[in-house]
Amino acid sequence: MYRTKMLPSDERSIDEAAELLRRGEVVGIPTETVYGLGANALDEDAVRKIFTAKGRPADNPLIVHISDMDMIKPLVTEIPELAYRCAEEFWAGPLTMILPKSDIIPSVTSGGLDTVGIRMPSHKTARAVIKKCGFPIAAPSANLSGSPSPTTAGHVFNDMNGRIPAIIDGGFSAVGVESTVISFENGAIRILRPGFVSAEDLKEITPDVIIDKGVVAQLEKGAIARSPGMKYKHYAPKADITIIDASLDAFRAYVRNNADEDCVCLTFGEDDCEGLNVRTLCYGQTDAQQAHFLFDRLRELDEIGAKKAFARCPSKEGVGLAVYNRLLRAAAFQVVTLK
Ligand code: TXA
Ligand code: MG
């Protein structure tokens, strides 16, 4: 058991976090996407502590975070031309690239795979901590396995209190959903997990952008996930969520006919359910706002003890695809389409 310290985001905390990381401990670190649970990516014992703190299955690989381009070379055996172009365009930022790993990445970090996901975060504090350490930091989202990802230090504290020595409070994560995860194949880019860097953005690099089937569909029984994270239950609050893919009028009609007093509506705006006898939580009008607020609202569903929720459906385009992908998993793929 640790006494989990909440550190302000300043120079002293960066030193303290770096010292803990050097000693092989795990620290909660803010990034622009969601908070991460960081440890020395090259230290097997430190990385094992991440899996323990999260309760994460050992075959689900971690993303390795770097602060500078110089750091990537020793970690991978090959960097395709497309990867350089993506790095130039989207790093530092919410993009993770899957590349063939070198031997210095322990197999615990890569979940037994021969590839590794690399990301250079843009958050000042995250970059400063990595720089100070001088080694790459493995960091999954700092939630308990299966829970919504944390977008505030308070979320991390709720899940990790007693499990890690410290969390740096860097405020609300700007993006709010995890990084876009991509791999490269024969000159094409495959999106394994959608994020703030959208398919439309990646098409500026090459027109050959494939959205993996697993992004919006449930894996078939026995199928091998290209990204192991896709096969696990995710982001799920206790409430039973159903996505209602419909116009606002049809959504309102559905709520009027189907909501009982236990039901909460996850809407875009305050007045989407005006005149209907239901409690609402709104998560924003634009794709970017929805990405920013989704996980916070999913956690709020638990706080208010919601048993059932009807959610308005994101756009599925641009950043909306990332929002839809997370909400779909939170809803265990329950969608009602009214069109
Ligand atoms: O924005 C983010 O990516 C955050 C922040 C902290 O950087 N991190 C994050 O990590 O979301 P995590 O572990 O919660 O999600 C990583 C995802 C998982 O779905 C995992 O299966 C996939 O990336 N992944 C990691 N390495 C992979 C690899 N070598 N091949 C395929 N998928 C990989
Ligand atoms: Mg995660």
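Counting starts at 1 for both ligands and their atoms, in listed order.
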Sub-4.0 Å atoms of ligand 1 with respect to non-hydrogen atoms of [X]:
X: Leu113; result: 28 (C), 29 (N), 30 (N)
X: Gly36; result: 6 (C)
X: Ala139; result: 6 (C), 8 (N), 10 (O)

Using a 4.0 Å heavy-atom threshold (strictly under), name the region of [X] that reaches ligand 1: side chain, backbone, both or neither.
X: Arg226; answer: backbone
X: Thr115; answer: both
X: Arg56; answer: side chain

Specify whether an N/O/S atom of Ser141 falls short of 2.8 Å from the Mg ion (ligand 2).
->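 Yes, within the cut-off.
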When you measure from [atom] to every protein heavy atom, which one gives the shortest distance, and what is it?
atom: atom 32 (N) of ligand 1; value: Ser227 OG, 3.1 Å
atom: atom 5 (C) of ligand 1; value: Thr33 OG1, 3.6 Å
atom: atom 19 (O) of ligand 1; value: Gly229 CA, 3.2 Å
atom: atom 9 (C) of ligand 1; value: Ser141 N, 3.6 Å

So is Arg193 polar-close to ligand 1, meaning N/O to N/O under 3.5 Å?
->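 Among all N and O atoms of Arg193, at least one is under 3.5 Å from an N or O of ligand 1.
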Using distance alone, determine whether Tyr35 and ligand 1 share an N or O pair under 3.5 Å.
->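 No; every N/O pair is 3.5 Å or more apart.
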Ignoring hydrogens, just give me the one of Asn60, Asp59, Leu37 whose non-hydrogen atom is nearest atom 21 (O) of ligand 1.
->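 Going through Asn60, Asp59, Leu37 one by one, Asn60 has the nearest heavy atom to atom 21 (O) of ligand 1.
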Option whose closest heavy atom lies nearest to atom 24 (N) of ligand 1, chosen from Ser179, Gly117, Pro61 |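 Selected option, by shortest heavy-atom distance: Pro61.
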Test item: side-chain donor near acceptor, Ser247 and Asp249, under 3.5 Å =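 Looking only at side-chain atoms, Asp249 and Ser247 do not form any donor-acceptor pair under 3.5 Å.
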Do Arg193 and Thr96 meet the criterion of a side-chain donor-acceptor pair at a distance under 3.5 Å?
->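 No, because no side-chain N or O of Arg193 sits under 3.5 Å from a partner of the opposite role on Thr96.
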Nearest 0.5 Å please: distance from the CD1 atom of Ile137 over to the NE2 atom of His65.
->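 Taking CD1 in Ile137 and NE2 in His65, the distance rounds to 9.5 Å.
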Lys131 side chain reached by Asp68 side chain, heavy atoms, under 4.5 Å =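 Contact flag for Asp68/Lys131 side chains = yes.
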Less than 4.0 Å between a side-chain N and a carboxylate O, is that true for Asp159 and Arg299?
->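 Yes, this pair counts.
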Any ion pair linking Glu178 and Arg119 (charged N to carboxylate O, less than 4.0 Å)?
->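 So Arg119 does not pair with Glu178 through a salt bridge.
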